[in-house]
Each structure stands twice: as C-alpha cells, then as structure tokens.
Amino acid sequence: MRTQVGIIGAGPAGLLLSHLLALRGIDSVVVENRSRDYVQARIRAGVLEQGTVDTLTEAGLGQRLHREGMRHDGIYLQTPAGREHLDFPGLCGRSVWVYGQTEVVRDLVAARLAAGRPTYFEVSHTAVHDTDSDRPRVTFVDADGRPHELECDAVAGCDGFHGITRDLLETSTQQTWTRSYPYAWLGILATVAPSTDELIYAWHPHGFALHSMRSAHVSRLYLQVEPGEDLTLWSDDRIWSELQTRLGVDGWLLETGPITDRSITAMRSFVSAPMRQGRLFLAGDAAHIVPPTGAKGLNLAVSDVVVLCDALTALVGEGRSELADAYTEVALRRVWRATHFSWWMTSMLHRSGDDFDAQLQLSQLAYVTSSRAASESFAENYTGMPIR
Ligand SMILES: Cc1cc2nc3c(=O)[nH]c(=O)nc-3n(C[C@H](O)[C@H](O)[C@H](O)COP(=O)(O)OP(=O)(O)OC[C@H]3O[C@@H](n4cnc5c(N)ncnc54)[C@H](O)[C@@H]3O)c2cc1C
C-alpha cells in the first residue's frame, strides 16, 4: 500500500489530522489497535476551547456539536467563603463548549468512514521503519490477521501517551520534562441532570472537587483522592456525600443519580521534545500530557494537529520543508503555555502541603475572582490561546 501520510492512532489527534489533510487533498491511512466501539466509548475530556470548536466547525464537523453541545460563558470558582462566577465573554470575548470527547471521536469516525477513507481498527504489531528516509514505512497486522506494509511520505505518531512512536525518537537528542502530583481524581459519570449551569471548581479542606457535565441529563463529577486510591472503598453513598460536602454552599443541593462509570485518574504533566525526527511527527498525548484540571489535553491535541496539517501539506504536497522544520517550535509554544496553566490551576485547587500552602491557595483564588487583571488572564488561558 502507498499513502502520503501514515497515521498511527484513531484518537482525536489522528482522526482530525486525517480529516484536515483530506480537505487539503492529502491522502492518509489511519491504523488503530483498538476497536471502533472502544475508541468511540472511551470516557475522557469534555470541555472544548473556542479555537477547537472553530477548527471543527470550519472543517465541516460542527453540525452535531452546535446542536447538542452546550456553550458555557464561564465557570464557578468556589472556596468555603463562597461561589464566584467568572464571565468569559466579558473578560476575554470567548467561550468554551461542553461536548464529550466520545462525541468528537464519533463525529470524526463517521466523517472518515462516510468519505470511504482507509481506516484499520483492531490492528496489532504496529511498527514504523526508515523514519530518517523520504519513504518511511508502517507495518501492521489487520483485524483478520493479514500483514500490511504501508509506504508513506511521512508518518504521524498520534498514538497517545502509551503508544509506540515516542520511543522511536533518538534518545540522545530527546528531552523530557515530568511532574507527578501527589493526588489523583476519582471521576464518575452519572445519569442525572447537572445541578449547575456551568462547571464548579471547588477548593475544600477535604480536597478538590469538580462538577462538570456531558449533557442536560448526564453529570460528570470528580473528587481529589490519594494516588493509588482503592475504588472499592468508595460506595455510591460515600461518593455523593463527599461531593455534597466539598461542592456544597448554603441553599444549594447536589442532585444524585445512578453512577454509570467510575475511574481513578493519575495526575501528571509531561512534555517530550523535539516532536519530530526525520519524517516522523508526534502530535497530542504522544508528545505531552497535562493534568485534567485545566481541560487542555484534547484541545492541545487539536492545536498540534492544526499546525502539523500545515507542515505536512507543505512537505508532502509541495515539497517545502520549512513548516515541518518549525513544527516543534511552533507547537511547543502553545504546549508550554497550556502546561503552565494546567500546573498552576492544579496547584491552586488541590489540597496538599500544610496550612501555609492552604492560605496561599485561598489568597490566589480570592485574587483571581476579585482582580480584573487576574480574572482576564485566567479567562484567556482557560478559553484557549490562539492556535497559530
Ligand atoms: C479522565 C480524563 C479526563 C480528561 N479531561 C479532559 C478535558 O476535560 N479536556 C481536555 O482537553 N482533555 C482532557 N483529557 C485529556 C484528553 O482525553 C487527551 O488529551 C486526548 O485523548 C488526547 O488525544 P490523542 O489523540 O492525542 O490521544 P488518545 O486519545 O490517547 O488516542 C491515541 C490512540 O492511539 C491508539 N494507539 C495506541 N498505541 C497504538 C499502536 N501501537 N497502534 C495503533 N494505535 C495505537 C490508542 O488506542 C488511541 O485510540 C482527559 C483525559 C482523561 C484520562
């Protein structure tokens, strides 16, 4: 088989890249080691920056998003002193959208399959070869056990944090930065209407809590817990009671409902650079991850892919390499901004350390909600910096 761009991974990064390249007349083949049902059902992100929504809309992928997604013009930041609202359009002229990653992936898979473009789910033995040549190859075994060899002009490693492509970069030139946090998130999905119109981020002496949502009927809630927390210690009653305690303010009640999914998520920041070697380019979680507090991971995958699409179009479509050469530098600027914001928001909201740290956190939260300059900076980062 021959294609211009071989794409490893059918997550948001790989699927969107294939779609944007097709709009520019560049063909690609996507290989994914999970099933279509699995990637469409994986519960993860749910908050889209304005730039992500604009990108999806301009690419013709916005119909369902605009019909079923929920535009949010702000968030609530809460401490025991009370619940404060930040008004994003008033602060920075932008909004965010609540639309599950599951739905984004569903839309992308549907668009790709409707266009009849080659996508292989449930592959195994994925390998990438000759990345330093002009003809890198991807080999894999398809779901029926047939081996394939894909000759490409370039390969995009969009295979997430646990994928294979990052390990193919030369360790002598590769630099990584990591921060592990001393807490984790216990996340639940529940069939109950959200008890709030916009997300509530709550600092509480027991630990952080977040009230998010996926639709008018489905709520997504999180509790700060210890890393390695045992989920079996958390009955439904204990989860709801702790959420009510941490999210509660006078006169407000958290509605409860059946819990349909629960998981523990570790909190880590990680950046690996350069994001390219020869004709192999990394995008999304393959190159970097952030703790979920700032809702940046999926959005960073989208911004990487927008920049990478320009670079690959010039490289394989027109034989020009300057955008490919600049890819790491351009993408990393946004990656580090989001990495800093995610770290800062995480550090401000999670209980750890002593009472001195707690007072600093509360002072910072009071500053963000009372100072115009601080709340503008927060809103600008939360709704997302410009992609280009
Ligand atoms: C609990 C949770 C909550 C989150 N909340 C948010 C949020 O609110 N906002 C936000 O922006 N982000 C959030 N994120 C982060 C977001 O989900 C990720 O950043 C996003 O999925 C990255 O997309 P990706 O395409 O780069 O990687 P992935 O989604 O991980 O996709 C990579 C794909 O590659 C496939 N793959 C791996 N190895 C191979 C191989 N060898 N061969 C073929 N295929 C392979 C995988 O199966 C997968 O489908 C959250 C994450 C978690 C875990």
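Just so it is clear, the values below take in all heavy atoms, side chains as well, and ignore hydrogens, waters and symmetry mates. For ligands, and for the atoms within them, numbers begin at 1 and follow the listed sequence. Predicted model only: the values in this text are computed from it and were never measured.
- Of the polar atoms of Ala286, none of the N or O atoms is found under 3.5 Å from an N or O of ligand 1, judged by distance alone.
- In summary, the aromatic rings of Phe140 and His125 are positioned with their centroids too far apart to meet the 6.0 Å limit.
- The protein heavy-atom contact nearest to atom 31 (O) of ligand 1 is Gly11 CA, 3.5 Å.
- The closest side-chain donor-acceptor pair between Gln63 and Arg67, if any, does not fall under 3.5 angstrom.
- Among all protein heavy atoms, the one lying closest to atom 1 (C) of ligand 1 is Thr265 OG1, 3.4 Å.
- Remark: side-chain polar atoms of Trp177 are not paired, donor with acceptor, to backbone N or O of Ala273 under 3.5 angstrom.
- Centroid-to-centroid, the aromatic rings of His211 and Tyr76 stay 6.0 Å apart or farther.
- Considering both main-chain and side-chain atoms, Asn33 comes within under 3.5 Å of ligand 1 through a nitrogen or oxygen pair.
- Although no hydrogens or angles enter the test, the distance criterion places no donor-acceptor pair under 3.5 Å between the side chain of Arg64 and the main chain of Gly69.
- Contacts with ligand 1 closer than 4.0 Å are made by backbone heavy atoms (N, CA, C, O) of Val31 only, the side chain lying farther away.
- Side-chain contact between Leu315 and Arg320: absent, with no pair of heavy atoms (C-beta onward) separated by less than 4.5 Å.
- Of all atoms in ligand 1, numbered sequentially from 1 with element shown, those under 4.0 Å from a heavy atom of Gln101 are 16 (C), 17 (O), 20 (C), 21 (O), 29 (O).
- Of all protein heavy atoms, the one lying nearest to atom 13 (C) of ligand 1 is Ala45 CB, 3.1 Å.
- Remark: ligand 1 atoms within the under-4.0 Å shell around heavy atoms of Asp159 are 32 (C), 34 (O), 36 (N), 37 (C), 38 (N), 39 (C), 45 (C).
- The distance from ligand 1 to the heavy atoms of Gly9 drops below 4.0 Å at these ligand atoms: 33 (C), 34 (O), 35 (C), 44 (N).
- The shortest N or O to N or O distance between Phe161 and ligand 1 is not under 3.5 Å.
- Side-chain contact, Gln361 with His350: no donor N or O sits under 3.5 Å from an acceptor N or O.
- Ring geometry, Phe378 versus Tyr382: the interplanar angle falls under 30°, so the pair is classed parallel (tilted spans 30 to 60°).
- If you check which protein heavy atom lies closest to atom 25 (O) of ligand 1, you get Ala13 N, 2.9 Å.
- Of all atoms in ligand 1, listed by their number and element, those nearer than 4.0 Å to a heavy atom of Val39 are 49 (O).
- Of the protein's non-hydrogen atoms, the one nearest atom 42 (N) of ligand 1 is Thr126 OG1, 3.0 Å.
- Among protein heavy atoms, atom 19 (O) of ligand 1 sits closest to Asp285 OD1, 2.7 Å.
- The distance from ligand 1 to the heavy atoms of Asn299 drops below 4.0 Å at these ligand atoms: 11 (O).
- If you number the atoms of ligand 1 from 1 as listed, the ones under 4.0 Å from a heavy atom of Gly46 come out as 7 (C), 8 (O).
- Interatomic distance, CG of Leu349 versus CG of Leu210, reported as 9.0 Å (0.5 Å rounding).
- For residues 165-190, the set of pairs meeting the salt bridge (charged side-chain N to carboxylate O under 4.0 Å, His left out) definition, not counting sequence neighbours, is empty.
- For the pair Arg42 and ligand 1, a heavy-atom separation below 4.0 Å is found.
- Atoms of ligand 1 found under 4.0 Å from any heavy atom of Gly284, numbered from 1 in the order shown, are 26 (O).
- At a cut-off of 3.5 Å, with distance as the only test, no side-chain donor of Ser133 or Arg279 sits close to an acceptor on the other residue.
- Ring centroid separation for the pair Phe208 and Trp185 comes in under the 6.0 Å cut-off.
- Looking at His162, His288, Arg44, Arg34 and measuring to atom 30 (O) of ligand 1, the nearest heavy atom belongs to Arg44.
- Of the N or O atoms in Glu32, one or more lie within a sub-3.5 Å distance of an N or O in ligand 1.
- Aromatic ring centres of Trp336 and Trp343: separated by at least 6.0 Å.
- The nearest non-hydrogen atom to atom 12 (N) of ligand 1, considering only Leu210, Val47, Leu298, Val128, comes from Leu298.
- Only backbone heavy atoms of Cys158 (N, CA, C or O) come within less than 4.0 Å of ligand 1; its side chain stays farther off.
- Summarising the contacts of atom 27 (O) of ligand 1 with Pro291, Pro292, Gly160, Ser124, the nearest heavy atom is found in Gly160.
- Heavy atoms from other residues, nucleotides or ligands lying under 6.0 Å from NE2 of His85 number more than 12.
- Close to ligand 1: Pro12, with a non-hydrogen atom less than 4.0 angstrom away.
- Atoms of ligand 1 lying under 4.0 Å from at least one heavy atom of Ala295, given by number and element, are 7 (C), 8 (O), 9 (N), 10 (C), 11 (O).
- In the displayed structure, Arg268 atom CZ is contacted under 6.0 Å by at most 12 heavy atoms of other residues, nucleotides or ligands.
- In terms of polar-atom proximity, Arg220 is not counted as a contact of ligand 1, lacking any N or O under 3.5 Å from an N or O of the ligand.
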